[in-house]
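Values reported hereafter were calculated over all heavy atoms of this structure, with side chains retained and with hydrogens, waters and symmetry mates removed.
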2 protein chains.
Amino acid sequence: MRKLKTSRQPEILDAALAIADERGLEALSMRAVAERVGVTPMALYGYFRNKDELLDGLVGRLLDRLAPGDPGQTWQERLGAIAWATRRLAREHPSVFPLLLLRTSVTPDGVQVVDQLYQALLDAGVPEADVPRIERLVSTFVMGFALSEVSGRFSDASRDIRLSRGADAPAHRRLAGHLTPDDWDAEFEADLADLMRIIRPV
Amino acid sequence: MRKLKTSRQPEILDAALAIADERGLEALSMRAVAERVGVTPMALYGYFRNKDELLDGLVGRLLDRLAPGDPGQTWQERLGAIAWATRRLAREHPSVFPLLLLRTSVTPDGVQVVDQLYQALLDAGVPEADVPRIERLVSTFVMGFALSEVSGRFSDASRDIRLSRGADAPAHRRLAGHLTPDDWDAEFEADLADLMRIIRPV
DNA sequence: ACCTGAACACCGTTCAAGT
DNA sequence: ACCTGAACACCGTTCAAGT
């Protein structure tokens, strides 16, 4: 295990993120990053042991966007702020965002975000023994929702195909008037409201 | 757009699934699939237009495992059956499962599953206008949970690292005795119970 | 109808060498 | 301390050809 240089790591991650944002994740090759940084591909291996570690670095980069943690007033507001920031992050970096769910990488910033969620749930009155589970429940939904949006699982195309197949899908036929997703912001907000009712039953 | 042969599609998908299960997703190359089928890589292009379409075929293969849909009694039981089947599917095919969330592919089997969920929610008394949203809420959580398990987001390693970083994470320190995930089956069950309370408030 | 061979433009990564 | 060049063992895919 050689010691890695850190000096140009941020610069390299910037280049990698830019490539992913502009041309997608499969355009993100070591060679492309090197070219953007103005260096030979092999030079990158002084800063990251391999491509996997570079991708982990990219995940860290996204998480530090989430970490700031406004002082926030009520637990609902703090929890909502993180949820909306997560969704915004997915829209800003749709190619890289899936890596947050796909790669296990516990970064300091990631821990900070989880800690803020724990605190919000404690303030909401969730019993200590239930807090970690509820945190996983909420964060799993929020990340899954954001991922579904950017990966197209919720897209119009899906809905249309679904409708055209209505013949052998009776419930689809019955709900035909309601399948349209009109306003995703409103849907996300309604979902969060429902989850808050799990956290603190009214 | 040439017309594709279908004769050996199932055989090819079997080979692809086996490779992914045995050696992971990044070992799943056209060349590896071809070798397993006993054919030249180029022969595959008579059955799938490209690798992406082969992966879509793989997603379809997973979805048809979910589709059967037992007659089931209560709406809770039917919804629970699909949720547990989804989680089981992820554990059986951890490498391929993420593609379900990553790739937009609306297959007939996928529509069947969604239709069953719609029907369960209708039977639960959810207003028609809310059914599609609640279906997305539930399926997003279930798939996100299953994905988190197989991708290691919930793993012990994460928890340990989190604990060791407890210094600057006060809520973690306070909850130290409860971070342990002991029983994931129980957690999933508790989560489903909480979601059912959203569906039909007690 | 089904398959092959050769080729093209890519990959990540190792190793030895250069300043 | 930092970077390069050449090389290796891979990729997905096109094209023209073969039975």
Side-chain angles (χ1 to χ4, degrees), chain A residues 1-61 95-96 98-99 102-105 151, chain B residues 1-61 95-96 98-99 102-105 151:
Chain A
M1 278 240 194
R2 288 188 25 266
K3 211 33 200 308
L4 294 175
K5 291 162 253 166
T6 57
S7 49
R8 304 183 73 181
Q9 276 178 358
E11 184 188 350
I12 294 167
L13 291 176
D14 282 342
L17 188 56
I19 291 168
D21 285 344
E22 292 166 13
R23 292 151 54 205
L25 199 60
E26 72 272 15
L28 180 60
S29 67
M30 296 300 272
R31 287 163 142 98
V33 174
E35 189 184 18
R36 186 155 193 138
V37 173
V39 97
T40 257
M42 279 319 300
L44 300 179
Y45 289 82
Y47 299 91
F48 298 93
R49 236 171 300 268
N50 48 45
K51 189 182 181 180
D52 265 19
E53 290 205 357
L54 193 152
L55 293 178
D56 285 341
L58 227 39
V59 168
R61 252 292 207 285
S95 298
V96 178
L99 298 183
L102 255 24
R103 305 185 72 81
T104 312
S105 38
S151 77
Chain B
M1 280 240 197
R2 291 186 25 264
K3 208 41 199 306
L4 295 175
K5 291 163 251 163
T6 58
S7 48
R8 304 183 72 182
Q9 275 179 357
E11 183 188 351
I12 293 167
L13 291 175
D14 283 342
L17 188 56
I19 290 168
D21 286 344
E22 292 166 13
R23 292 153 51 205
L25 200 60
E26 72 271 19
L28 181 61
S29 67
M30 296 299 271
R31 288 164 141 100
V33 174
E35 190 185 19
R36 185 153 192 141
V37 173
V39 95
T40 255
M42 279 318 300
L44 300 180
Y45 289 81
Y47 299 92
F48 298 93
R49 235 169 301 267
N50 49 44
K51 189 182 180 181
D52 264 19
E53 290 206 356
L54 192 152
L55 292 179
D56 285 340
L58 226 38
V59 168
R61 254 289 209 287
S95 298
V96 179
L99 298 182
L102 255 24
R103 304 185 71 80
T104 313
S105 39
S151 76

*Asks:* Quick one: is B:S7 getting a side-chain N or O under 4.0 Å of the C:dC2 phosphate, OP1 or OP2?
*Replies:*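 Result: yes.
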
*Asks:* Is any side-chain heavy atom of B:L99 closer than 4.5 Å to one of B:L25?
*Replies:*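 Yes, their side chains come closer than 4.5 Å.
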
*Asks:* I need the A:M30 CE to A:Y45 OH distance, nearest 0.5 Å.
*Replies:*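 It is 4.0 Å, given to the nearest 0.5 Å.
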
*Asks:* Write down the distance between CG (B:N50) and C1' (D:dC15), rounded to a whole number of angstrom.
*Replies:*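 Distance, rounded to whole Å: 17 Å.
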
*Asks:* Heavy-atom nearest nucleotide on DNA chain C for B:K5 versus A:K51: which residue maps closer to 5'?
*Replies:*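 With B:K5 and A:K51 compared, the 5'-side residue is B:K5.
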
*Asks:* Take atom CD of A:E35 and atom C1' of D:dG5, then tell me their distance rounded to the nearest Å.
*Replies:*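 Rounded to whole Å, this separation is 17 Å.
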
*Asks:* So, taking the atom named CZ in A:R36 and the one named CG in A:L17, what distance separates them when rounded to the nearest 0.5 Å?
*Replies:*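 Going from CZ on A:R36 over to CG on A:L17, the span is 9.5 Å.
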
*Asks:* Starting at CG of B:L25 and ending at P of D:dG12, how long is that distance when rounded to a whole Å?
*Replies:*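 Going from B:L25 (CG) to D:dG12 (P), I get 11 Å.
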
*Asks:* Grab the CG-P distance between B:L28 and D:dG12 for me, whole Å please.
*Replies:*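 Value for this atom pair: 8 Å.
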
*Asks:* For D:dC3, take OP1 and OP2 only and decide whether either is under 4.0 Å from a side-chain N or O of A:R8.
*Replies:*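 For D:dC3, OP1/OP2 do have a side-chain N/O of A:R8 under 4.0 Å.
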
*Asks:* OP1, OP2 of D:dT4 versus side-chain N and O of A:Y45: anything below 4.0 Å?
*Replies:*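 Negative; the distance criterion is not met.
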
*Asks:* So, OP1 or OP2 of D:dC3: does either fall under 4.0 Å of a side-chain N or O from A:T40?
*Replies:*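 No, no such contact exists.
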
*Asks:* Within the structure provided, determine whether B:L102 and A:L102 are in side-chain contact (heavy-atom separation under 4.5 Å).
*Replies:*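 When only atoms from C-beta onward are counted, A:L102 and B:L102 do touch, with a gap below 4.5 Å.
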
*Asks:* Can you tell which of D:dT4, C:dC2, D:dC15 lies closest to the side chain of A:M42?
*Replies:*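 So the side chain of A:M42 is nearest to D:dT4.
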
*Asks:* Can you figure out which of C:dG12, C:dT4, D:dG12 approaches the side chain of A:S29 most closely?
*Replies:*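 Nearest to the side chain of A:S29 among the choices is C:dG12.
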
*Asks:* Suppose we define a pair by two distances each less than 3.5 Å, Watson-Crick or G-U wobble; what does C:dA16 pair with here?
*Replies:*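 Here C:dA16 is engaged in a pair, and the nucleotide opposite it is D:dT4.
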
*Asks:* For A:R61 versus A:P10, what's the shortest heavy-atom pair and its separation?
*Replies:*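 Taking A:R61 first and A:P10 second, the nearest heavy atoms are NH2-O, 3.1 Å.
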
*Asks:* Pick base, sugar-phosphate or nothing for B:M30, based on heavy-atom distances below 4.0 Å to the nucleic acid.
*Replies:*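 If one applies the 4.0 Å heavy-atom cut-off, B:M30 turns out to touch the sugar-phosphate alone, with no base involved.
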
*Asks:* Which whole-number value in Å describes the distance from A:R23 CZ to C:dC11 C1'?
*Replies:*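 In whole Å, C:dC11 C1' lies 14 Å from A:R23 CZ.
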
*Asks:* Would you mind reading off the distance between B:Y47 atom OH and D:dT13 atom P, rounded to a whole angstrom?
*Replies:*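 One finds 18 Å between P of D:dT13 and OH of B:Y47, rounded.
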
*Asks:* Base, sugar-phosphate or nothing for B:F48? Non-hydrogen atoms, less than 4.0 Å.
*Replies:*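 No contact at all - B:F48 keeps every heavy atom at 4.0 Å or more from the nucleic acid.
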
*Asks:* When you measure from the side chain of A:R31, which nucleotide among C:dT13, C:dT4, D:dT13 comes out closest?
*Replies:*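 Nearest nucleotide to the side chain: C:dT13.
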
*Asks:* Whole angstroms only, please: what is the CD-P distance between B:Q9 and C:dC2?
*Replies:*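 My rounded result for the distance is 11 Å.
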
*Asks:* Rounded to the Å, how far apart are B:L4 CG and C:dC2 C1'?
*Replies:*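 Result: 13 Å.
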
